[in-house]
Amino acid sequence: MRFLGNLLWILCGGLISAIGWWCAGLLWCITIVGIPVGLQCFKLSSISLNPFGKEIIDEGGAVSCLLNVIWFFVSGVELAVGNFVIGCILCITIIGIPFGKQFFKIARLALFPFGARVVKL
C-alpha cells in the first residue's frame with residue numbers, strides 16, 4: 001500500500017517538492033560554508049519523494065537551533081509556503097486529504113529541518 005501511495009504522491013506534487021529541496025541544496029552548496037546545509041537538503045528530499053511509511057523525529061540541540069534560525073530566513077519560508085499551498089489545494093477533495101497531510105508534514109520539516117531525523121515505520 002505504501003508503494004501505491006508513494007507512486008500517486010509523485011504524480012500529485014511530490015516531484016515538485018523534491019525539486020524545490022534539490023534547488024535549495026544546490027544553492028547552499030555554492031558556498032563552502034553552506035555545503036553541510038545543502039547535504040541536509042539532499043537527505044531530506046528523500047521524504048519529498050516517498051513520505052508514506054516515514055515519520056520525523058526531532059532531536060535538535062543548540063547548533064541545530066542556530067542553523068534552523070538561519071535556514072528559516074534564507075530558504076525555509078519559501079519551501080514551507082510551497083508545500084503548504086499544495087497541501088491546501090489537495091485537501092479540497094476527500095481523496096486528496098492523505099496527500100495534503102503529507103505536504104503539511106513536509107512544510108513543518110521545511111521550516112525547521114536541522115535536528116530532524118526521518119525514520120521508517
Side-chain angles (χ1 to χ4, degrees):
M1 195 61 165
R2 286 184 201 164
F3 176 75
L4 181 61
N6 287 327
L7 184 64
L8 290 172
W9 167 261
I10 291 173
L11 297 174
C12 289
L15 186 62
I16 295 169
S17 178
I19 289 171
W21 280 99
W22 292 330
C23 289
L26 288 173
L27 289 174
W28 277 97
C29 285
I30 289 173
T31 65
I32 293 174
V33 177
I35 289 175
V37 178
L39 294 177
Q40 182 73 359
C41 289
F42 295 137
K43 287 181 202 174
L44 295 176
S45 71
S46 69
I47 195 169
S48 290
L49 286 176
N50 53 356
F52 291 100
K54 293 183 180 178
E55 195 61 42
I56 300 168
I57 298 175
D58 294 320
E59 299 176 338
V63 176
S64 297
C65 182
L66 178 64
L67 281 173
N68 280 329
V69 169
I70 295 169
W71 169 265
F72 180 83
F73 292 109
V74 177
S75 299
V77 174
E78 295 87 2
L79 285 172
V81 167
N83 284 307
F84 182 77
V85 167
I86 295 172
C88 288
I89 291 170
L90 286 171
C91 283
I92 291 172
T93 65
I94 293 175
I95 295 172
I97 290 175
F99 297 109
K101 288 174 65 175
Q102 296 301 321
F103 271 110
F104 296 145
K105 176 171 70 172
I106 294 171
R108 186 186 69 72
L109 180 66
L111 287 176
F112 308 108
F114 298 100
R117 188 169 53 108
V118 178
V119 295
K120 287 187 175 186
L121 294 179

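Just so you know, these numbers come straight off a predicted model, no measurement behind them. These numbers come from the heavy atoms of this one structure, side chains and all, not from hydrogens, waters or symmetry mates.
Ring geometry, F52 versus W9: the interplanar angle exceeds 60°, so the pair is classed perpendicular (tilted spans 30 to 60°). Between W71 and W21, the angle of the ring planes stays under 30°, which puts this pair in the parallel group of the 30/60° scheme.
Environment of CD1 in I97: crowded, with over 12 heavy atoms of neighbouring residues, nucleotides or ligands closer than 6.0 Å. Within 6.0 Å of NZ in K43 there are 12 or fewer heavy atoms belonging to other residues, nucleotides or ligands. In I57, the CD1 atom is crowded: over 12 heavy atoms of neighbouring residues, nucleotides or ligands sit closer than 6.0 Å. Residue-environment remark: CD1 (I32) stays at or below the threshold of 12 foreign heavy atoms within 6.0 Å.
Residue pairs that meet the salt bridge (charged side-chain N to carboxylate O under 4.0 Å, His left out) test with at least one member in residues 2-13, sequence neighbours left out, do not exist here. Pairs passing the salt bridge (charged side-chain N to carboxylate O under 4.0 Å, His left out) check and including a residue from residues 76-86, sequence neighbours excluded, do not occur.
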Sequence neighbours left out, cut at 3.5 Å: what donor-acceptor pairs do the side chains of residues 107-121 make with other protein atoms?
unit_1	atom_1	unit_2	atom_2	d
R117	NE	E59	OE1	3.3
R117	NE	E59	OE2	3.1
R117	NH2	E59	OE2	2.9

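Hydrophobic clustering, with ILVMFWY side chains joined whenever heavy atoms are under 4.5 angstrom apart, groups I86 together with I56. Cluster membership check: L4 shares its hydrophobic cluster with L15, using side-chain heavy-atom separations under 4.5 Å among Ile, Leu, Val, Met, Phe, Trp and Tyr. A continuous path of ILVMFWY side-chain contacts below 4.5 Å connects L44 to V63, so both sit in one hydrophobic cluster. Hydrophobic cluster membership is shared by V77 and V85, with clusters built from Ile, Leu, Val, Met, Phe, Trp and Tyr side chains linked at under 4.5 angstrom. Note: the hydrophobic cluster containing L39 also contains L67 (ILVMFWY, side chain heavy atoms under 4.5 Å, direct or indirect links).
Nearest heavy-atom pair across F42 and C29 is CE1-SG, 3.9 Å. The shortest non-hydrogen separation linking P51 to K105 is O-NZ, 3.4 Å. The shortest heavy-atom contact between G87 and F103 is CA-CB, 3.7 Å.
Separation of atoms OG (S45) and CD1 (I19) is listed at 10.5 Å; rounding is to 0.5 Å. If you take OG on S17 and CG on L49, they are separated by 8.0 Å, rounding to the nearest 0.5 Å.
Aromatic ring centres of F84 and F104 lie closer together than 6.0 Å.
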